[in-house]
Amino acid sequence: MDRFTRATDIDGKQFATGLLERVKADVEAVKAETGVVPGLAVVLVGEDPASALYVASKHKQTMAAGMKSFEHRLPAETTQAELLVLVNRLNVDPEIHGILVQLPLPAHLDPNAVIQAINPDKDVDGFHVSNAGRLATGNPALVPCTPLGCMMLLKDTLGENLAGMHAVIVGKSNIVGKPMAQMLMNAHCTVTVVHSQTKNTAEFCRAADILVVAAGRAGLVRGDWIKPGAVVIDVGINRIQVDGKSRIVGDVVYGEAGHARAITPVPGGVGPMTIACLLSNTLTAFRRHHILAIAA
Ligand code: GUN
């Protein structure tokens, strides 16, 4: 690649807007077909301001997509048993097709026990072991929203066929790194996962055609970690102080990535995709439910 070429910005905001429009049109179509309105329940425990903002945004966008939005705000002192009673009620509520319990939960609650209590067919986060297993065995049903959004942006940039490409993922979380690896393997990529204990991370990254970074460390990936012409997906959202001002940056030093073929900026890359994918997953859960109900 010659030095006058500049990496293309992958515009997640614009893609998410288009996805939300498609979801809205599909919601209209399934409403007309079944007479039922897709419904999403979001549960927030406690007063964490960032979580409260997320939940308010989910509510607004759920309504904008023509779905029913059910918000449950519980006090920080809610017990595990009380939360599980609510989850069980949502699990059997026919108006609800998707359930999301906002994380993190207050420290006295066990997030894993709560996630595993969600009906896997309503698990729009894709965090339940049943959905993780379906994805790992190449038969995905509901998949985690952030890696789903990353896959959509990758295919929009590189085309549908990713077979044979070397994808390197930085980070091995259950929410991003692991499901991202499964999705890329399902797309027939050669996949390497590196993490905080990896000895030669930079060397692995330099071999990547597709580099997905979800480490949660501002500026971890420098320009010389990126192969010329690689596609870089920066999942990081880090708040840092620059000259006394607060800024949001990714895990990649964006200013050093000009030799990439394309990169997601932060903000405006992966971030806007997550809620759009949540609503897309709610529609997927609705469709699966109705097809299963028809087949039963
Ligand atoms: N908190 C921040 N992001 C997420 C998410 O994608 N799902 C849930 N359940 N909680 C979150």
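Counting starts at 1 for both ligands and their atoms, in listed order. All residue numbers refer to positions in the sequence shown, counting from 1.
Partners of T201 by side chain to side chain contact (heavy atoms under 4.5 Å, CB included), not counting sequence neighbours, listed by chain and number: V194, T198, C205, W225. Here E71 pairs with R73 under the salt bridge (charged side-chain N to carboxylate O under 4.0 Å, His left out) rule; sequence neighbours left out.
Comparing V124, I115, L100, D125 against atom 6 (O) of ligand 1, the shortest heavy-atom distance belongs to D125.
Residue Q102 places at least one N or O, backbone or side chain, under 3.5 Å from an N or O of ligand 1. The N/O atoms of V101, backbone and side chain alike, include one that comes under 3.5 Å of an N/O atom in ligand 1.
More than 12 heavy-atom neighbours from other residues, nucleotides or ligands sit within 6.0 angstrom of NE2 on H195.
A cation-pi arrangement is present between R22 and F15 under the rule of less than 6.0 angstrom and at most 45 degrees off the ring axis.
Residue-level proximity to ligand 1 for L103 is carried by backbone and side chain together, each with a heavy atom below 4.0 angstrom.
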